[in-house]
Amino acid sequence: MSALHSVAEIRQVEQEALSALPPYTLMQRAGAAIAEQAQQLLCSATVSSPAVLVLAGPGNNGGDALEAACLLEEAGIEVSVQLHADESRQPEDARRALARVREAEIQFIDDLSDTALRAQSWALVIDGLFGIGLTRPPGPRLRPIIDYINSLRCPVLSIDVPSGLNADTGSIVGGREGLAVQATHTITFISDKPGLHTCDGSDHSGHIVLEPLEIDDSHFPPARAFLNGPQCFATALKPRANNSHKGSYGDVIVVGGARGMAGAPVLAARTAAFSGAGRVYVAFVDEGPAYDDKHPELMFRLADRVEFGASAALVIGPGMGTSRHAHDILARALDSEADIVIDADALNLISAEPSLQHKLHRRHQAGAEITSIITPHPLEAARLLDSSTQQIQQDRPQAARLLARQFNAITVLKGAGTVIAFPDGEILINPSGNPALSTAGTGDVLSGLCGALLAQGWPTRAAALAATWIHGAAADQLVGAGLGPVGLTASEFIPAIRAVFNQIIRDHVQRRPAASPHRPQP
């Protein structure tokens, strides 16, 4: 798995590495990596003599940019530097890099206004304004320059993290008062960062390249955050046996559908069927339709007449409403021994009722496998934590961890860079998906997919990770085919999910080593 480390952890790794290396070594390595990446980007430049603008800030991030400027100049590339630093306050290595730039007689743009920058046509901008240590938004002098960078059509290469972005959370430093560079590419050092992959990081980081700077693994603490992907749930991917039947793949019961909201549980149920569940039931809170004319294989019942036992996976909440009747059905589901996916109105009921919170928390016994998955969007998460959506979005990884610990459940905090959190504090950030998912019903689709995996015997951890990744990958497939992101509807994701799921099973089987022809398979 691809590990993610916090700013504090990276600072510790960096200090240990610096203490074991000659001065300036890490800056030389960083500068060389930036220069190499910059030259790769310049290969696609359409001008014969490409010009590169290097923006260097006050810290070692700026020093890395200055070192890269020297190397690009040595390679015969036209480089201009705009310095945003007080030389007397620069770190020692950054001052050394600045001295090298001056010795190389690289052009400085002393006019710090964006007007001076507009006089040149740039093939590449290197953003070395701020690194991972930024704690307040850029000041008024830099705001027009960042606005100018964001208006350019040329590649923008950010160093370590796009300037203005919080490397831990992915939010823009300063919130609405802040501003961040919108990079097309980010070269990040030592370890990957959570903030590059969630919240605003998804829009600002562009293509991410990791450069470990040759730091030995012994300096790194055990990671508690990772990027999600098929490798994280590969052990659960198995081809279907010929000798199997519908009972081999389990039952899903989708509970929801208060009056006027029958569509939500039907979306979840259709997804469960398309994702391989053996049988799928919709248990309506109120009187619902008799059957699904597009998918008559789905079975419709009244929730009051359905038993919630360990033999079926439950998906509860889509279109459920928040009536007392819905409350009582949810309480009965939480008391069951079934694996359960909790979404939508079920989460709203839990947020308003301490007794339901207690029931959810106690479902997981110490030492046993977790049997509960909650899938809130930011507003539902805010209700569960008695917070605000803005606070949730300011630190999505921390919010997901709090939810997982408070409710003793695997938490899938939906949004740009969905965060999957576990009660022990571990998180994974999901890199698949795109804005096509920003439409009503896609959350119901996700919960139905998750329920189908549980019904087929997947461990809850693997089910949460796989459902989140496949859900996003289906959106990526549709957009890649030219459908969307604007205007895709939730029901369109369902067949794409089936296609992605089958493809990753085939890919996994093909990657398995072939058995010896002289030895039977175990």
Side-chain angles (χ1 to χ4, degrees), residues 232-233 235-236 249-256 265 268-269 271-272 275-281 283 303 306-318 320 327-347 349-351 353-376 380-381 384 400-414 419-428 443 446-468:
C232 301
F233 49 85
T235 56
Y249 304 111
D251 295 347
V252 174
I253 302 173
V254 181
V255 185
T271 308
S275 304
R279 295 182 299 186
V280 182
Y281 299 84
V306 175
E307 294 294 328
F308 303 146
S311 60
L314 296 183
V315 176
I316 189 162
M320 189 174 187
H327 171 281
D328 294 343
I329 292 170
L330 175 58
R332 183 160 60 90
L334 292 174
D335 285 335
S336 75
E337 296 181 0
D339 289 341
I340 187 169
V341 182
I342 306 170
D343 188 29
D345 284 331
L347 295 173
L349 284 164
I350 289 169
S351 68
E353 179 57 65
S355 67
L356 293 177
Q357 296 168 24
H358 178 68
K359 285 178 182 290
L360 173 56
H361 187 275
R362 74 180 185 187
R363 294 191 89 245
H364 173 51
Q365 302 300 320
E369 183 182 334
I370 297 173
T371 59
S372 307
I373 299 173
I374 62 175
T375 59
E380 291 160 348
L384 288 165
R401 284 185 168 110
L402 288 173
L403 286 163
R405 184 168 66 245
Q406 181 169 324
F407 295 103
N408 223 358
I410 297 173
T411 297
V412 179
L413 177 56
K414 295 178 288 195
V419 183
I420 306 100
F422 303 89
D424 65 359
E426 182 180 328
I427 64 167
L428 287 91
L446 174 62
S447 62
L449 169 57
C450 198
L453 298 180
L454 293 175
Q456 291 168 77
W458 283 49
T460 46
R461 175 190 174 91
L465 297 176
T468 306

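- Between Val252 and Ala455, the shortest heavy-atom distance links the atoms CG2-CB, 3.5 Å.
- Within the model, atoms OG of Ser355 and CG of Leu360 stand 11.5 Å from one another, a figure rounded to the nearest 0.5 Å.
- Residues Lys414 and Pro376 fail the side-chain proximity criterion, which asks for heavy atoms closer than 4.5 Å.
- Although no hydrogens or angles enter the test, the distance criterion places a donor-acceptor pair under 3.5 Å between the side chain of Glu369 and the main chain of Thr460.
- To the nearest 0.5 Å, the span separating CG on Leu384 from OG on Ser351 amounts to 5.5 Å.
- Among the candidates Ile253, Val254, Ile316, Val315, the single residue satisfying the side chain to side chain contact (heavy atoms under 4.5 Å, CB included) test with Pro265 is Val254.
- Contact of the Val255 side chain with the Phe308 side chain is registered, since non-hydrogen atoms from C-beta on lie closer than 4.5 Å.
- The side chain to side chain contact (heavy atoms under 4.5 Å, CB included) test with Arg461 singles out one residue from Leu428, Ile420, Ile370, Ile373, and that residue is Leu428.
- Between Ser275 and Leu453, the closest side-chain pair of non-hydrogen atoms is not below 4.5 Å.
- Side-chain contact between His327 and Leu356 is present, with at least one heavy-atom pair separated by less than 4.5 Å.
- Contact detail for Ala344 and Gly317: the closest heavy-atom pair is CB-O, 3.5 Å.
- Remark: Gln357 CD to Leu334 CG distance equals 11.0 Å, nearest 0.5 Å.
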Open item on the list: Run Arg363 and Ser336 through side-chain contact (heavy atoms from CB on, under 4.5 Å) and show every step you take.
Closed with: CA-CA 9 Å; Arg363 294 191 89 245; Ser336 75; 3.8 Å; yes
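- The closest side-chain heavy-atom distance from Phe422 to Thr411 is not below 4.5 Å.
- Between the side chains of Asp343 and Thr375, at least one donor-acceptor pair of N or O atoms lies under 3.5 Å.
- Contact detail for Ala400 and Ala421: the closest heavy-atom pair is O-CB, 3.3 Å.
- In this structure, Gly309 and Ala338 approach most closely via the heavy-atom pair O-CB, 3.2 Å.
- For Gln456 (side chain) and Ala452 (main-chain N/O), a donor-acceptor pair under 3.5 Å exists by modelled atom type.
- Looking only at side-chain heavy atoms (C-beta outward), Leu330 and Ile350 come within less than 4.5 Å of each other.
- Atoms CG and CG, on Asp251 and Leu314 in that order, are 10.5 Å from each other to the nearest 0.5 Å.
- Residues Thr235 and Phe233 form no side-chain contact, since every pair of their non-hydrogen atoms from C-beta on lies 4.5 Å or further apart.
- Look at Asp424 and Arg401 and you find no salt bridge, because none of the NZ, NE, NH1 or NH2 atoms lies under 4.0 Å from a carboxylate O.
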Task: Stepwise side-chain contact (heavy atoms from CB on, under 4.5 Å) test for Val412 and Leu446 - done: CA-CA 10 Å; Val412 179; Leu446 174 62; 4.3 Å; yes
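- A heavy-atom distance below 4.5 Å is found between the side chains of Ile374 and Leu347.
- Separation of atoms NE2 (His361) and CD (Gln406) is listed at 8.0 Å; rounding is to 0.5 Å.
- Residue Ser447 comes nearest to Pro318 through the heavy atom pair OG-CG, 4.1 Å, listed as atom of the first residue, atom of the second, then distance.
- Summarising the geometry of Ala463 relative to Cys450, their closest heavy-atom pair is O-SG, 4.0 Å, with the distance given to 0.1 Å.
- Note that NE2 of His364 is 5.0 Å distant from CG of Asn408, once rounded to the nearest 0.5 Å.
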